[in-house]
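First up is the structure itself, then whatever we jot down about it.
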Amino acid sequence: MSSIDKLKIHNMSNINDCRLITLNRHHHANGNLTAINNGVELPFELQRTFYIYDVPGGAERGGHSHYTCHEFIIAISGSFDVTIDDGTNQHTYTLNRPNQGLLVVPGIWRTLQNFSSGSVCLALASHHFDEEDYVRDYQEFMGLKHSMKSKP
């Protein structure tokens, strides 16, 4: 991906492109079931799944943005907050329902914090892990977000 394409992605996205998605919950007397299907509940093809657990009190996760990867973040157990940031606006979502997740698009900085004891965060991603897809420095992120805004 060219540097110009990376700049475009970061400049085009904003927090309004992210959204909560409530998944169908099938309630039964012996327990609930929620299914996630490629192309149905997710607006991307699932390529990778990972989960975060045993997060120490006060610790944060995330702290990055992506150039191309979409993520769908779910609190499978417990709760935690996800703060999204587009370089101008921020919004914090509390995730605490296993049938609801937050879609985070490329070009959005995300930070996960305030993990409850025993919480489990499930992330579904549109791309395989690629370190080149990450922006891990907030100042670099801000530079990407604002670099093309000043160009004619």
Side-chain angles (χ1 to χ4, degrees), residues 1 6 9-146:
M1 176 176 291
K6 290 178 179 181
I9 288 170
H10 272 79
N11 279 285
M12 291 181 353
S13 58
N14 67 64
I15 63 171
N16 295 320
D17 299 322
C18 301
R19 68 184 188 278
L20 286 175
I21 298 174
T22 300
L23 305 166
N24 287 328
R25 180 182 71 145
H26 303 282
H27 179 71
H28 300 277
N30 58 350
N32 297 322
L33 180 140
T34 296
I36 302 172
N37 300 283
N38 270 334
V40 178
E41 292 85 9
L42 295 178
F44 58 81
E45 284 291 316
L46 177 62
Q47 295 294 316
R48 181 169 63 113
T49 301
F50 61 93
Y51 50 97
I52 302 166
Y53 57 98
D54 292 341
V55 178
E60 290 187 354
R61 298 294 309 221
H64 63 268
S65 72
H66 289 282
Y67 291 113
T68 59
C69 187
H70 291 74
E71 288 183 346
F72 185 59
I73 302 169
I74 307 166
I76 292 297
S77 179
S79 66
F80 53 87
D81 294 335
V82 181
T83 300
I84 55 173
D85 179 344
D86 63 15
T88 302
N89 300 297
Q90 294 182 352
H91 186 79
T92 299
Y93 292 90
T94 298
L95 298 181
N96 58 9
R97 296 172 51 200
N99 69 319
Q100 187 177 67
L102 178 64
L103 174 67
V104 182
V105 300
I108 300 295
W109 189 268
R110 83 284 322 268
T111 306
L112 288 70
Q113 64 274 333
N114 300 323
F115 287 84
S116 68
S117 178
S119 62
V120 178
C121 169
L122 174 67
L124 309 176
S126 64
H127 290 73
H128 292 281
F129 176 81
D130 178 3
E131 186 60 38
E132 296 297 313
D133 189 53
Y134 285 75
V135 177
R136 296 188 185 272
D137 180 86
Y138 189 74
Q139 294 309 314
E140 179 183 352
F141 167 78
M142 291 300 287
L144 288 167
K145 292 302 280 189
H146 298 289

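FYI, the numbering just counts along the sequence from 1. Keep in mind that the numbers below use all heavy atoms, side chains included, and drop hydrogens, waters and symmetry copies.
Asn32 is linked by a side-chain contact (heavy atoms from CB on, under 4.5 Å) to Arg25, His27, counting only residues two or more places apart in sequence or in another chain. Checked against side-chain hydrogen bond (donor to acceptor under 3.5 Å, both in side chains), Gln139 has no partners two or more places apart in sequence or in another chain. The ring-ring contact (aromatic ring centres under 6.0 Å, His included) test applied to Phe72 returns no partner, not counting sequence neighbours. Qualifying salt bridge (charged side-chain N to carboxylate O under 4.0 Å, His left out) partners for Glu131, counting only residues two or more places apart in sequence or in other chains: Arg136. With sequence neighbours left out, the side-chain hydrogen bond (donor to acceptor under 3.5 Å, both in side chains) criterion links Tyr51 to no other residue. Taking His64 as the reference, His66, Tyr134 meet the ring-ring contact (aromatic ring centres under 6.0 Å, His included) condition, with sequence neighbours excluded. Residues meeting the side-chain hydrogen bond (donor to acceptor under 3.5 Å, both in side chains) test with Glu140, sequence neighbours left out: none. Residues passing the side-chain hydrogen bond (donor to acceptor under 3.5 Å, both in side chains) test with His28, sequence neighbours excluded: none.
Under the salt bridge (Lys or Arg N to Asp or Glu O under 4.0 Å) criterion, the residue pairs touching residues 66-82 are Glu71-Arg110, with sequence neighbours excluded. Legend: ring-ring contact (aromatic ring centres under 6.0 Å, His included) pairs involving residues 74-102, not counting sequence neighbours, sorted by first then second residue: Phe80-Phe115, His91-Tyr93. Sequence neighbours left out, not one pair with a member in residues 42-70 passes salt bridge (Lys or Arg N to Asp or Glu O under 4.0 Å).
Interatomic distance, CD1 of Ile36 versus CG of Leu122, reported as 6.5 Å (0.5 Å rounding). Taken to the nearest 0.5 Å, the OG atom of Ser65 stands 10.0 Å off from the OH atom of Tyr138. Atoms CD1 and SG, from Ile84 and Cys18 in turn, are 4.0 Å apart once rounded to the nearest 0.5 Å. A distance of 5.5 Å separates CG in Asp86 from CD1 in Ile15, rounded to the nearest 0.5 Å.
Counting heavy atoms from C-beta outward, Asp85 and Phe141 have side chains that approach closer than 4.5 Å. Residues Gln113 and Thr92 form a side-chain contact, since some pair of their non-hydrogen atoms from C-beta on lies under 4.5 Å apart.
At a cut-off of 3.5 Å, with distance as the only test, no side-chain donor of His127 or Gln47 sits close to an acceptor on the other residue. Side-chain N/O atoms of Thr83 and Thr111 include no donor and acceptor closer than 3.5 Å.
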Residues Ile74, Leu95; criterion side chain to side chain contact (heavy atoms under 4.5 Å, CB included); working and verdict: CA-CA 7 Å; Ile74 307 166; Leu95 298 181; over 6 Å; no
Could you give me the CA-CA distance, side-chain angles and deciding distance for Ile73 and Cys121, then say whether side chain to side chain contact (heavy atoms under 4.5 Å, CB included) is met? CA-CA 7 Å; Ile73 302 169; Cys121 169; 3.6 Å; yes
Taking it one step at a time, do Ser77 and Ser119 satisfy side chain to side chain contact (heavy atoms under 4.5 Å, CB included)? CA-CA 5 Å; Ser77 179; Ser119 62; 5.8 Å; no
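Checked by atom type and distance alone, the side chain of Ser126 never pairs as donor or acceptor with a backbone atom of Leu46 at under 3.5 Å. Side chain of Asp17 to backbone of Asn14: a donor-acceptor contact under 3.5 angstrom is found.
Within a 6.0 Å radius of CZ in Phe129, other residues, nucleotides and ligands contribute more than 12 heavy atoms.
Closest of all the heavy-atom pairs between Ile21 and Pro43 is CD1-CD, 4.4 Å. Between Ala59 and Val55 the shortest heavy-atom distance is CB-CG1, 3.8 Å.
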Using a 3.5 Å cut-off and no angle test, enumerate the donor-acceptor pairs between side-chain atoms of residues 98-109 and protein atoms at least two apart in sequence or in another chain.
{"from": "Asn99", "atom 1": "ND2", "to": "Leu23", "atom 2": "O", "distance (Å)": "3.3"}
{"from": "Gln100", "atom 1": "NE2", "to": "Thr22", "atom 2": "OG1", "distance (Å)": "3.0"}

